[in-house]
Novice: 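Starting off with a structure, shown below.
Nothing here was measured: the structure is a model prediction, and the numbers come from that model. So that the names make sense, note that chain A is the first sequence line, chain B the second, and so on, each numbered from 1.
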Amino acid sequence: MHVLLPDGTSLEVADGATGHDIAAAIGPGLAKAAVAVLVDGGIQDMALPVPDGASVSVVTPKQEDDYLYPMRHSAAHVMAEAVLSIIPEAKFGFGPPIEDGFYYDFELPRPLTEDDFPAIEAEINRIVKAKAPFQRSVMSIDEARAFFTDLDQPYKVDQVDELACQGETEVSIYRQREFVDLCRGPHVQDTGRIGPVKLLSVAGAYWRGSEKNPMLTRVYATAFRNRTELDAHLERLEEAKKRDHRRIGRELELFYFDEAGPGFPFFLPKGMVVVNGIQKAIRAELDAMDYDEIKTPTILSETLWHQSGHWDHYKDNMYFTEVDGQGFAVKPMNCPGACLVFRSRRRSYRELPLRLAEFGHVHRHELSGVLHGLFRVRAFTQDDAHVFCRVDQIQEEVQKIIDLTDRFYARFGFENVSLHLATRPEKAAGTDEMWEAGESALRNALEGREYSIKEGDGAFYGPKIDFQVTDVMGRAWQLGTCQLDFFMPEQFNLHYTSADDVEERPVILHRAISGSIERFLGILIEHTGGDFPVWLAPVQVRVLPIADRHADAASAAVDVLKAAGVRAELDARSESVGRRIRDGELQKVPFLAIIGDREAEAGEVSVRARHRGDLGAQPVADLAAHAAPEG
RNA sequence: GCCGGAUUAGCUCAGCUGGUAGAGCACGUGUCUUGUAAACACGGGGUCGUCGGUUCGAAUCCGACAUCCGGCUCCA
């Protein structure tokens, strides 16, 4: 038989040749380095036969992505063996490779902690050193069920049953040394091909991800090709920790959380400068795009939430109160309020599209365990807007929103934006015609842009486009959203008078650019590491007099800067200049203006730019022009 | 909500096996009057998250609760 090699040549091998045979036929060095083979693009074990005529590419550690997957998968098995050797009663769940590493779930007779890591890692290293081969074999469903029942591994038995339900008649198992696991594979040839392993954390995880099932102990770990790459990855994790917005938020005095309000952020003066800067940037866009800003009440009657449908779908996440014996709820969303505004008087087709924007402060009772700094809070400000329009206006409106988000994200230094179209889910409100018209309007609006499609991922009330940005650490964040809503106009019986003097039903377009101001600030902090762009920095210039005799000149400089609209402050503490410069740098102040004898005489300041050092002396007015807020 | 961990001064953390608390930074005062990332000295500051239990005695052991951290789940 023949196989096709990556360089286009054809190689003749014996019938039934395995990946290993093919690698050996190409060269002994390759055979030695090989960990798996790609057969027609799919990865498989070295020991499995390759079909006649297949395209074959031998994977070695040089092919990082193709290598890491089976290697980490194999590492997961080895970790499982190591845990079993330390805790023989352990029961096994799943142990897959994931982005940047792998994990394995265990049911254990005692809690596992990080104190156990060294022992497990030592055992892993012993197994890796043993270079034990991974041996694949195939069992019938019944054999496998009996086998894992015999091993007293209930989760494996459960998985065998699950596979049987899916119509599988046989399953593969992998054995290294005495350890056997149910597994589809592929794996590297032997444990010696596994790179350096590092256990990272231990967490809880439900079996099969359902909270009805038992909670298992999940051990997260990672493995890389070599020590250098592992260390580089661990360093990235450290860097991410340094950029943690919760830490920077405290250090730069932007916000804090108090026990008195779990999940409810307190914004400090400097944090509010940034928040206001973000809002100002959004308002500038609203003005340019003919939005009208409104503000609707935080607390509204329960009857409204019945009408909106939130009572049925969202009650568990809402806060309730009572006013004069009547039930009220704190708004978790702004839509009903906006609908009331639309309905507050008769509307004409001439007003459409009617774009109502609101910085809506909403409260949602999130589960205590999901709270996470500013990323997940219980009260946040949506930069919300509801566009009331006709179906034939959707496309143009959506295009405008896409343009708007482009401009907005770029302004904050997010260059990597991706769009996702989410289409009709199984359970959906509205008619087929509405969904078709809506989805095609969104598709047309996306014309000429790159986007992915998430089939069936739309909300029940309409399709949507999600906007995602990638930060400097390569992490993706969902920010904006643009959702069609066929449901709410019905619920609220909204209508407008058409040109033909008929009552027509508008469509609502929900949209948010930042999603939530709080969350956006958190992401921006981690993206910039606290180095906000000059126009957004809480303090833009800090003026440092060298000695007491320069205090008057320094405070005069502060006055000039402030008059020019610059956020400037004076640091005349009797600390050394070096000390005050250090403090200014640590506080991420974009410009430090230093005034000594030379500068005072010339009416200048010496400017030191954040992270860039001394820029030399210049007139205060020049610095003011530099630092003046653009926003 | 669930699993695991944590909670000691404003912050970061010491405090071994029970004998009523320490450091650095920060803060205050004084001295110094400074030239581009940490001057020096002195001082104030904690009912050891809360409540209860065990004990002659609890920061330390046990329980409940609260909050935080890592995950899971959730995010119509």
Novice: Applying salt bridge (Lys or Arg N to Asp or Glu O under 4.0 Å), which residue pairs with at least one partner in residues 303-313 of chain A are found, sequence neighbours left out?
Specialist: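 Output for this query is empty, none listed.
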Novice: Going by number, which of residues 258-269 of chain A have a non-hydrogen atom under 4.0 Å from RNA chain B?
Specialist: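 Contacts with RNA chain B under 4.0 Å: E259(A), P262(A), G263(A).
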Novice: Would you mind reading off the distance between F487(A) atom CZ and A76(B) atom P, rounded to a whole angstrom?
Specialist: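 Roughly 14 Å, once rounded to whole Å.
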Novice: What distance, rounded to whole Å, do you find between the two C1' atoms, one in A58(B) and one in U8(B)?
Specialist: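 Between the two C1' atoms, the distance is 14 Å.
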Novice: Between C74(B) and R376(A), counting only base atoms on the nucleotide and side-chain atoms on the residue, is there a donor-acceptor pair under 3.5 Å?
Specialist: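 Answer is yes: a donor-acceptor pair is held.
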Novice: Expressed as a whole number of Å, how far does the P atom of U60(B) sit from that of A9(B)?
Specialist: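 Going atom to atom, P in each nucleotide, I get 15 Å.
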Novice: Mind checking side chain to side chain donor-acceptor pair (under 3.5 Å) for T321(A) and listing every partner two or more places apart, or none if nothing turns up?
Specialist: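 So T321(A) forms no side chain to side chain donor-acceptor pair (under 3.5 Å) with any residue.
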Novice: Expected output check: what is the dot-bracket annotation of RNA chain B, where ( ) and [ ] are pairs inside the strand (brackets for crossing ones), | is paired with another strand, and pairs are Watson-Crick or G-U under 3.5 Å?
Specialist: (((((((..((((.....[..)))).(((((.......))))).....(((((..]....))))))))))))....
Novice: Tell me if the side-chain of Y206(A) makes a donor-acceptor pair with the base of G71(B), cut-off 3.5 Å, by modelled atom types.
Specialist: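 Counting by modelled atom types and ignoring angles, no donor-acceptor contact under 3.5 Å is found here.
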Novice: Listed by chain and number, what are the side chain to side chain donor-acceptor pair (under 3.5 Å) partners of Y206(A), not counting sequence neighbours?
Specialist: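 Partners of Y206(A) under the side chain to side chain donor-acceptor pair (under 3.5 Å) test: none.
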Novice: Tell me, please, which residues at least two apart from R376(A) pass salt bridge (Lys or Arg N to Asp or Glu O under 4.0 Å).
Specialist: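 For R376(A), the residues satisfying salt bridge (Lys or Arg N to Asp or Glu O under 4.0 Å) (neighbours in sequence not counted) are E366(A).
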Novice: Quick one: which of G71(B), A76(B), U73(B) gets closest to the side chain of Y220(A)?
Specialist: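 In terms of side-chain proximity for Y220(A), the closest of G71(B), A76(B), U73(B) is G71(B).
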Novice: Do any pairs count as a ring-ring contact (aromatic ring centres under 6.0 Å, His included) and have a residue in residues 597-622 of chain A, sequence neighbours left out, and if so which ones?
Specialist: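 Residue pairs passing ring-ring contact (aromatic ring centres under 6.0 Å, His included), neighbours aside: none found.
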Novice: Can you give one letter per nucleotide of nucleotides 32-41 of chain B, going 5' to 3': B for a protein heavy atom under 4.0 Å from the base, S for sugar-phosphate only, - for none?
Specialist: BBBBBBBB--
Novice: At a heavy-atom distance below 4.0 Å, what parts of residues 208-217 of chain A sit against RNA chain B?
Specialist: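 Listed by number, they are G209(A), E211(A), M215(A).
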Novice: List for me each residue that meets side chain to side chain contact (heavy atoms under 4.5 Å, CB included) alongside V417(A), sequence neighbours excluded, and say none if there are none.
Specialist: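 Expected list: Y409(A), L419(A), V469(A).
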Novice: Look at the side chain of H372(A) and decide which nucleotide, out of G70(B), C75(B), A76(B), has an atom nearest to it.
Specialist: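 Ranking G70(B), C75(B), A76(B) by closest atom to the H372(A) side chain puts G70(B) first.
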Novice: Go through residues 94-109 of chain A and report each residue with a non-hydrogen atom lying under 4.0 Å from RNA chain B, sorted by number.
Specialist: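 Listed by number, there are none.
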Novice: Ignoring hydrogens and geometry beyond distance, is a side-chain donor-acceptor pair present between W207(A) and D105(A) at under 3.5 Å?
Specialist: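 Result is no, nothing qualifies.
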Novice: For a quick test of reading the model: is some side-chain N or O of S201(A) closer than 4.0 Å to OP1 or OP2 of G71(B)?
Specialist: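 Answer is no, no contact under 4.0 Å.
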Novice: Using atom names, set out every protein N or O paired with an N or O of nucleotides 5-15 of chain B below 3.5 Å, distance rounded to 0.1 Å.
Specialist:
| residue | atom | partner | partner atom | Å |
| --- | --- | --- | --- | --- |
| U12(B) | OP1 | R250(A) | NH2 | 3.3 |

